[in-house]
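For reference, the structure is listed below as structure tokens.
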Amino acid sequence: MGRRIQSRGIRDGEQILEMMRAYQIPCLLAAAADLDLFEKLAPAPPRTAAEVAAAAGCDLRAVTILLDALAAVRVIVKQDEQYSISPELAPFLCEAFPQSVVAMLRHQANCLRNWSQLPWTVHSGKPEYPGPSIRGEDADKVSFIEAMHVVSRGVANELVQEIHPGGVRCVLDLGGASGSWTTAWLKAEPQSRAIIFDLPHVIPMARECFASSPFADRVELCAGDFYTDDLPKGADLAWVSAIIHQNSPDQNRALYRRIAAALEPQGWIYIRDIVMEPSRTAPVAGALFAVNMLSATEGGNSYCLTEIQEDLHSAGFADVQLVRHDEGMHSIVRARVR
């Protein structure tokens with residue numbers, strides 16, 4: 001809908017109302033994902049609403065209404081008062097499949113809760129946190145990490161092959177616990193090794209990701225907070241993936257300084273993120289993501305190339321270039337330590 005409105009413009013009140021009603025289906029998906037209803041429907045044979053409600057520990061009337069709505073929008077199938085997931089959609093809605101997007105549904109559900117507080121956030125200038133999901137705070141943290149894997153798994157290998165400079169000996173992957181980007185760099189640079197630096201509670205997830213990986217012996221796992229801790233030394237390339245948007249400019253400059261201090265002489269920094277046009281109204285995904293950061297962080301934003309350049313220069317980097325342009329999160333800015 002957003003792309004259509006951007007290209008043709010809003011013509012009447014009905015289009016405005018259509019945009020407003022767009023919250024409804026995301027709320028259905030969020031509730032089903034948070035309550036594990038998709039897991040209750042597949043890969044088992046078709047089940048009644050009563051069976052699903054009992055398995056989920058939920059109210060029968062409420063589950064019936066939710067399942068009927070999901071069937072109406074064709075996310076699930078209803079036949080003879082029984083519900084199921086089609087074979088075509090099961091790989092995406094069941095967590096046992098590698099193609100599953102359920103973790104991202106849960107992460108987006110958390111974003112939706114934050115966005116619901118937007119009037120209060122805009123009034124005060126500070127995010128109004130609605131609290132954790134029905135799954136709990138720890139589960140929400142896991143969903144976030146798993147959602148980042150959903151975003152990256154289909155693009156990481158191809159993107160890194162496109163932009164890697166060659167001859168990299170060691171990659172420092174900040175916040176890389178899902179392992180997707182680290183693995184892509186190790187594939188692209190067969191002689192390299194990697195260091196994943198992430199929070200202490202996340203490192204066990206990274207360890208699990210690499211437990212059966214052929215790259216495990218080339219990966220070092222380091223626990224710490226890149227906002228406050230010195231970074232591991234020895235890398236000649238720092239991979240900063242989908243991080244700078246959650247920071248204020250001051251936080252980014254401080255992070256860049258820590259990266260510059262950790263990198264080898266003439267080392268690279270590669271930043272994967274949204275890059276805004278100077279007008280800050282394009283790309284549309286970036287303008288909307290800035291609102292996402294407003295609703296979830298104290299100082300995050302979507303940044304223009306000139307802002308990224310200025311922050312990198314102030315931290316000791318030179319030769320700042322936009323080496324890949326994307327309408328979403330896959331733009332790449334590259335620079336070298338002076």
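All heavy atoms count here, side chains included; hydrogens, waters and symmetry mates do not.
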What distance separates Tyr83 OH from Ile76 CD1, expressed to the nearest 0.5 Å? 7.0 Å
Any side-chain heavy atom of Gln246 within less than 4.5 Å of one from Gln251? no
Could you measure the distance from the CE atom of Met148 to the CE atom of Met329? Nearest 0.5 Å is fine. 8.0 Å
So which atom in Leu35 and which in Cys58 form the shortest heavy-atom distance, rounded to 0.1 Å? CD2-SG, 4.0 Å
Check whether more than 12 heavy atoms from other residues, nucleotides or ligands sit under 6.0 Å from atom CD1 of Ile25, and answer yes or no. no
Is the shortest side-chain heavy-atom distance between Val75 and Phe92 below 4.5 Å? no
Taking all atoms of both residues into account, what is the closest heavy-atom pair of Cys222 and Ile203, and its distance? O-CD1, 3.4 Å
Let me know which of His325, Glu162, Arg272 forms a side chain to side chain donor-acceptor pair (under 3.5 Å) with His330. Arg272
Candidate pair Glu310 and His313, rule side chain to side chain contact (heavy atoms under 4.5 Å, CB included), full reasoning: CA-CA 5 Å; Glu310 290 169 2; His313 286 152; 5.7 Å; no
Should Val155 and Trp181 be marked as a side chain to side chain contact (heavy atoms under 4.5 Å, CB included) after you check the CA-CA gap, both sets of side-chain angles, and the distance that decides it? CA-CA 9 Å; Val155 299; Trp181 293 103; 4.1 Å; yes
Donor-acceptor pair, distance only, cut-off 3.5 Å: does the side chain of Arg334 make one with the backbone of Gln321? no
Side-chain heavy atoms of Leu199 within contact of Tyr227, under 4.5 Å: no
What is the minimum heavy-atom distance between Ala335 and Phe317, and which atoms define it? CB-CB, 4.0 Å
Please find the pair of heavy atoms, one from Glu39 and one from Leu93, that lie closest to each other, and give the distance. OE2-O, 3.8 Å
Are more than 12 heavy atoms from other residues, nucleotides or ligands located less than 6.0 Å from atom CD of Gln24? yes
Counting N and O atoms only, with roles assigned by atom type, does the side chain of Thr121 sit under 3.5 Å from a partner on the main chain of Glu128, one being a donor and the other an acceptor? yes
For the pair Arg153 and Glu146, evaluate salt bridge (Lys or Arg N to Asp or Glu O under 4.0 Å) and give the outcome as yes or no after the intermediate values. CA-CA 10 Å; Arg153 68 191 175 195; Glu146 292 177 345; over 6 Å; no
Out of curiosity, Asp326 CG to Ile274 CD1, how far, rounded to the nearest 0.5 Å? 9.0 Å
From CA spacing to verdict: side chain to side chain donor-acceptor pair (under 3.5 Å), Asn110, Arg135: CA-CA 11 Å; Asn110 289 331; Arg135 298 171 60 80; over 6 Å; no
Decide whether His149 and Ser180 meet the rule of one side-chain donor and one side-chain acceptor closer than 3.5 Å. yes
With side chain to side chain donor-acceptor pair (under 3.5 Å) as the test, would you mind laying out the steps for Asp236 and Trp268 before giving the verdict? CA-CA 6 Å; Asp236 54 345; Trp268 297 98; over 6 Å; no
Heavy-atom donor-acceptor pair, Arg218 side chain to Leu186 backbone, under 3.5 Å: yes
Is the Tyr270 ring parallel, tilted or perpendicular to the Trp239 ring (thresholds 30°, 60°)? tilted
Do Gln161 and Glu158 come within less than 4.5 Å of each other through their side chains, counting heavy atoms only? no
Between Ala32 and Leu70, what is the shortest heavy-atom contact and its length? CB-CD1, 3.9 Å
Can you confirm whether Leu89 sits close enough to Phe38 that some side-chain heavy atom of one is under 4.5 Å from a side-chain heavy atom of the other? no
In Å, rounded to the nearest 0.5 Å, how long is the span from CG of Asn252 to CD1 of Ile259? 9.0 Å
Passes side chain to side chain contact (heavy atoms under 4.5 Å, CB included), Ile332 versus Leu159? Steps please. CA-CA 10 Å; Ile332 306 292; Leu159 190 152; 3.8 Å; yes
Between Asp140 (side chain only) and Ser133 (backbone N and O only), is there a donor and an acceptor less than 3.5 Å apart? yes
Using only atom types and a distance under 3.5 Å, with no angle test, would you say the side chain of Ser302 pairs donor to acceptor with the backbone of Gly286? yes
Considering residues, nucleotides and ligands other than Arg61, do more than 12 of their heavy atoms fall under 6.0 Å from its CZ? no
Are more than 12 heavy atoms from other residues, nucleotides or ligands located less than 6.0 Å from atom CD1 of Ile134? no
Report yes if the side chains of Asp311 and Pro249 come closer than 4.5 Å at any heavy-atom pair, otherwise no. yes
State plainly whether one hydrophobic cluster holds both Val122 and Trp115, where clusters connect Ile, Leu, Val, Met, Phe, Trp and Tyr through side-chain heavy atoms under 4.5 angstrom apart. yes
With a 3.5 Å distance limit and no angle check, can you tell me whether Glu220 reaches the backbone of Ile196 through a side-chain donor-acceptor pair? no
Would a distance-only check, ignoring hydrogens and angles, find a side-chain to backbone donor-acceptor pair under 3.5 Å from Lys233 to Ala261? yes
Distance in Å, Asp198 CG paired with Asp225 CG, rounded so as to fall on 0.5 Å steps: 9.5 Å
Joint cluster assignment, Val202 & Val150, ILVMFWY side-chain distance < 4.5 Å: yes
Checking Ser84 against Arg47 for the side chain to side chain contact (heavy atoms under 4.5 Å, CB included) test, could you report, in this order, the C-alpha distance in whole Å, the side-chain angles of both residues, the deciding distance, and whether it holds? CA-CA 7 Å; Ser84 62; Arg47 308 183 79 175; over 6 Å; no
Beyond-backbone contact of Asp36 with Glu95, side-chain heavy atoms, under 4.5 angstrom: yes
Report whether Ile243 and Leu172 are members of the same hydrophobic cluster (ILVMFWY, side-chain heavy atoms less than 4.5 Å apart, transitive linking). yes
Do you know which two heavy atoms are closest between Asn301 and Arg280, and how far apart they sit? OD1-NH2, 3.3 Å
If you measure from CG on Leu29 to CG on Leu112, what distance do you get to the nearest 0.5 Å? 10.5 Å
Please determine whether residues Met276 and Tyr303 belong to a single hydrophobic cluster, defined as Ile, Leu, Val, Met, Phe, Trp and Tyr linked transitively by side-chain heavy-atom distances below 4.5 Å. no
Contact check, side chains of Val333 and Val320, non-hydrogen atoms, under 4.5 Å: yes
So, does Asp12 use its side chain to make a donor-acceptor pair with the main chain of Glu14 at under 3.5 Å? yes
Verify, without hydrogens or angle tests, whether Ser100 (side chain) and Phe97 (backbone) share a donor-acceptor contact under 3.5 angstrom. no
Is there a path of hydrophobic side-chain contacts, each under 4.5 Å between heavy atoms of I, L, V, M, F, W or Y residues, that connects Leu312 with Leu322? yes
